[in-house]
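Everything below concerns the one structure shown next.
Keep in mind the model is a prediction, meaning the values are calculated, not measured.
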Amino acid sequence: MDPLISAETARVGLDLYRKHRGNKPVLGVIYTHSHIDHYGGVRGIVDEKDVKSGKVKVIAPEGFVEEAVSENVFAGNHMSRRASFMYGNLIPKDPKGSLGTGLGLGTSTGNVTLIAPTDVISKNGQTVDVDGLTFEFMLAPGSEAPSEMHFYIPQLKAVSAAENANHTLHNLYTLRGAKVRNARAWSSYLHDTIERWGDRAEVLFGPHHWPTWGNRNVVNHLKKQRDLYKYLNDQTLRMANHGYNMVETAEMMELPPELADYWANRGYYGSVNHDTRAVWNYYLGFFDGNPARLYPLPPAAAGKKFVEYMGGADNVLKRAKRDYDAGNYRWVAQVLDQLVSAEPNNQVARNLLADTLEQLGYQQENGPWRNFFLSGAKELREGVKKLPVPVTASPDTIRNMPIEMFFDYQAIRLNGKKAAGKNLAFNIELPDVDQRYSLVLENGVLNYGKPVDKPDATVTTNRASLNDIMLGTATMQDKITDGSAKVSGDTDALNTFLAMLDTFEFWWNLVTPNPPPKS
C-alpha cells in the first residue's frame, strides 16, 4: 500500500521487510490516493512486466491518473517550488533547521515512478481479491486528495481510512499549493467508515503513522478525527455568517477541549489557523467583501508606497528593530515584507526579516510552518540556492499522461500575449496508438478536437516522441531531424506556434518579487 515517493526508498523498505519476514512476492499494490508520496516508489517494489502479465494487480480509485498528473504537471512547477520550503528540502536537518514535516521525517529526492492502475475502484462496496484477502472499498473523493478511497479487509478485521485519519491534524489546504479540500465531505467519509465497518474493525492503519488497535480505540479515533474536521467546517461558516473575514475567523478559531486535548488532533502538519482559512476560502473564495481589498496593488508597487508612507527605509528598519526586540515578530514580518518587496536588494532589511522569520519558525510545533519560516530566512540571507528536491513531473508521470491532458498542458504553456491575433490549425497523427487530433489556436487559446479539413500543417509522430519533447530531452526540430516526426504543410506556421510555448523556471523567487515576465 502506497509505496512512498521514490523507487530507491521503496526498494530499501521492501528489502528491510524481507530481511525479517522472508522473500515474499508482491502480488498487489494499492494507491489509496493521488498524491505523489503514495505511488512514486512503485517501480522499487514491482516490475511493470509482472503488472502487464497479470501477476501483480495495481489498484487505485477512480480519477487517480488524471488527478495525479494534473497536480504534478499542470501546476507542478509552482507546487514543487513551494514544496521545497514546506518539506524543509533546502534547510539542514538539525536543531536549528528542519525537525520533520509534521507528517513524517522528510521527503526523498529519488526517482519518482508511476505504473498505471489495472483495477480502478469506481463504486462503493466494490471488492478486489488479492492473494486470498478480500479488499472492500469506499470512495472518498474531494477529501485529503481529489481521488482517494478507504478499504476494509474482513479476514483481518482491518480498516484503512487512507490519509483521512492520521495522528495529527491534517491540511485542508496544503501550503505547497493544491486544490482546497472539502472539510464537510472529509468528515462525512469518516462517519461513513464508522457506519460501514466500525463494529467489525479491530485495527485501523494508514500510510502515515502507526496503527490503532482494539475496536473501542479505532472507533474513538475515527470519531475524534471526524469531528475535528466537522468542527472546523461548521464553526468557520458560523463565524463567516456573522460577518467575520478569513483572517479574523482564523484568529478566533479554537477547538473545544474534547477535541483539542486529543493528542492525534494537534496541529503538527495542518494547523487550526490555516485550516480555518481553507474552509473560509473553500466556500467564499479569495475576496472578503471589503471593496478596499478588491483591487490591491501588487507587492512590489504596494511595498514602495508603504515604505514612502512610513517615512522611508531607514525609519522602517529603526521601528522594526524596536518591535523585533520586543518580540512582535508577526508584525515585524508584515512590515519588512513591504520593505523587501520595495527594495529586494536591501540586505539590511533582508537580514532583519530573516531573523524575524527564524524566530517565528522556532516558535512553531507545526512542521510545515517551521520549514517555511526557516527556508524563507535562508533564502533572504543567501539568495536562491539550487538544491535537490523531488521532481514531480517525472518521466513516468508524463508517459502515463492521457494525450488529452498532454494537449491541455500545451495550452497552459501557450503565451497568451504572443498568441493574440494568431489563427493556426494543426493535425496531429499518432500511428503507434492509432489516434488523430487537431490543435486549433484562436482567440489566444489552444483547443484540441477532431482533425480539421485544411490544417496549416500535419505532424505525424509517435507518443514516445511527444513524451521526449514534453520532458525537455528533445525538441520538435530534433524529432524532425532524426526522422521520428514528419511535418507536411507549412513548417513556418508550426515553428511560429512552438515559439509561443513558454518554459517554466523552477527556482523562481519565493521571498522577493519576481521580475516582470518576458514578452
Practice task
Take D490 and L424 through the side-chain contact (heavy atoms from CB on, under 4.5 Å) test and state the conclusion after the steps.
Solution key: CA-CA 10 Å; D490 188 348; L424 297 169; over 6 Å; no
Fill in the blank from the handout: Heavy-atom closest pair (A278 atom, V180 atom, distance to 0.1 Å) is O-CG1, 3.3 Å
Practice task
Spell out, as yes or no, whether a donor-acceptor pair under 3.5 Å connects the side chain of Q364 to the backbone of L360.
Solution key: yes
Problem - T475 and D478: side chain donor to acceptor below 3.5 Å - result: yes
Practice task
Keeping the roles fixed (side chain from N371, backbone from T101), state whether a donor-acceptor pair exists under 3.5 Å.
Solution key: no
Practice task
Taking the six-membered ring for Trp and the single ring otherwise, decide whether the centroids of Y39 and F64 are under 6.0 Å apart.
Solution key: yes
Problem - Point-to-point distance, once rounded to the nearest 0.5 Å, from NZ of K93 to OG of S98 - result: 5.0 Å
Practice task
Go through the steps to decide whether V384 and W508 satisfy the test side-chain contact (heavy atoms from CB on, under 4.5 Å), and finish with yes or no.
Solution key: CA-CA 8 Å; V384 176; W508 46 272; over 6 Å; no
Practice task
Using a strict cut-off of less than 4.0 Å between a Lys/Arg side-chain nitrogen and an Asp/Glu carboxylate oxygen, indicate whether R81 and E505 qualify as a salt bridge.
Solution key: no
Handout entry: Heavy-atom closest pair, residues V56 and V26
Key = CG2-O, 3.2 Å
Exercise for the section: Would you mind checking if K304 and E343 are paired as a salt bridge, meaning a charged N to carboxylate O distance below 4.0 Å? Expected result: no
Problem - Check: R277/N273 side-chain N/O donor and acceptor closer than 3.5 Å - result: yes
Exercise for the section: Look up atom CE in M246 and atom OG1 in T236, then write down how far apart they are to the nearest 0.5 Å. Expected result: 11.0 Å
Practice task
Assess the pair H170 and Y269: is the distance between their ring centroids shorter than 6.0 Å?
Solution key: yes
Handout entry: Flag, side chain of D396 to backbone of T113, donor-acceptor distance under 3.5 Å
Key = no
Practice task
Could you check R43 against E48 for salt bridge (charged side-chain N to carboxylate O under 4.0 Å, His left out), going step by step and ending with a plain yes or no?
Solution key: CA-CA 7 Å; R43 289 187 189 272; E48 189 169 16; 2.9 Å; yes
Problem - ring-ring contact (aromatic ring centres under 6.0 Å, His included) partners of F407, counting only residues at least two apart - result: Y437, Y448
Practice task
Quick one: pull up CD1 in I5 and OG1 in T107 and give me the separation to the nearest 0.5 Å.
Solution key: 5.0 Å
Exercise for the section: Grab the two heavy atoms, one from P451 and one from S438, that are nearest each other, plus how far apart they are. Expected result: CA-CB, 3.9 Å
Problem - From CA spacing to verdict: side chain to side chain donor-acceptor pair (under 3.5 Å), D275, Y229 - result: CA-CA 9 Å; D275 277 0; Y229 299 110; 6.0 Å; no
Completion exercise
So CD of Q334 and CG of L353: to nearest 0.5 Å the spacing works out to 11.5 Å
Handout entry: H208 versus D2, side-chain donor and acceptor atoms under 3.5 Å
Key = no
Completion exercise
Minimal heavy-atom distance between G270 and N366, with the atoms involved, is O-ND2, 2.8 Å
Handout entry: Non-hydrogen atoms of S34 and E67 that approach each other most closely
Key = OG-CB, 3.6 Å
Exercise for the section: Please report the closest heavy-atom contact between S143 and Y189, naming both atoms and the distance. Expected result: CB-CD1, 3.8 Å
Exercise for the section: Indicate yes or no for a side-chain donor-acceptor contact from Q359 to the backbone of Y329 under 3.5 Å, with no hydrogens or angles considered. Expected result: no
Practice task
For atom CZ of R436, decide whether the heavy atoms of other residues, nucleotides or ligands shown that lie under 6.0 angstrom number more than 12.
Solution key: yes
Exercise for the section: State, without any angle test, whether H35 and E144 hold a side-chain donor-acceptor pair at a distance under 3.5 Å. Expected result: yes
Exercise for the section: Answer yes or no: is there a donor N or O on one side and an acceptor on the other, between the side chain of R399 and the main chain of S394, under 3.5 Å? Expected result: no
Handout entry: Donor-acceptor pair between S484 and D482 side chains, under 3.5 angstrom
Key = yes
Practice task
Look only at the side chain of Y282 and the backbone of L172, and say whether a donor-acceptor pair between them is shorter than 3.5 Å.
Solution key: no
Problem - N/O donor-acceptor pair under 3.5 Å between K422 side chain and K418 backbone - result: yes
Problem - Under 3.5 Å donor-acceptor, K57 side chain and V51 backbone - result: no
Exercise for the section: Would you confirm whether E148, through its side chain, and A145, through its main-chain N or O, come within 3.5 Å as a donor-acceptor pair? Expected result: yes
Practice task
Look at the rings of F373 and W369 and say which category their plane angle falls in: under 30° parallel, 30 to 60° tilted, over 60° perpendicular.
Solution key: perpendicular
Handout entry: CG-CD1 distance between L114 and I36, expressed to the nearest 0.5 angstrom
Key = 9.0 Å
Handout entry: Donor-acceptor side-chain pairing of T249 and T276 below 3.5 angstrom
Key = no
Practice task
For the pair E358 and R381, find out whether any cationic side-chain nitrogen is under 4.0 Å from an anionic carboxylate oxygen.
Solution key: yes
Problem - Any side-chain donor near an acceptor of the partner, N467 and R463, under 3.5 Å - result: yes
Exercise for the section: Rounded to the nearest 0.5 Å, what's the gap from OG1 on T168 to CG on L103? Could you check? Expected result: 7.0 Å
Handout entry: Pair Q338-V316, side-chain contact (heavy atoms from CB on, under 4.5 Å): steps then yes or no
Key = CA-CA 10 Å; Q338 303 295 337; V316 173; over 6 Å; no
Problem - Audit row: K179, E71, salt bridge (charged side-chain N to carboxylate O under 4.0 Å, His left out) steps and yes/no - result: CA-CA 9 Å; K179 295 177 181 178; E71 177 168 292; over 6 Å; no
Handout entry: N/O donor-acceptor pair under 3.5 Å between T481 side chain and Q477 backbone
Key = yes
Practice task
Tell me yes or no: between the side chains of N171 and H274, is some donor less than 3.5 Å from an acceptor?
Solution key: yes
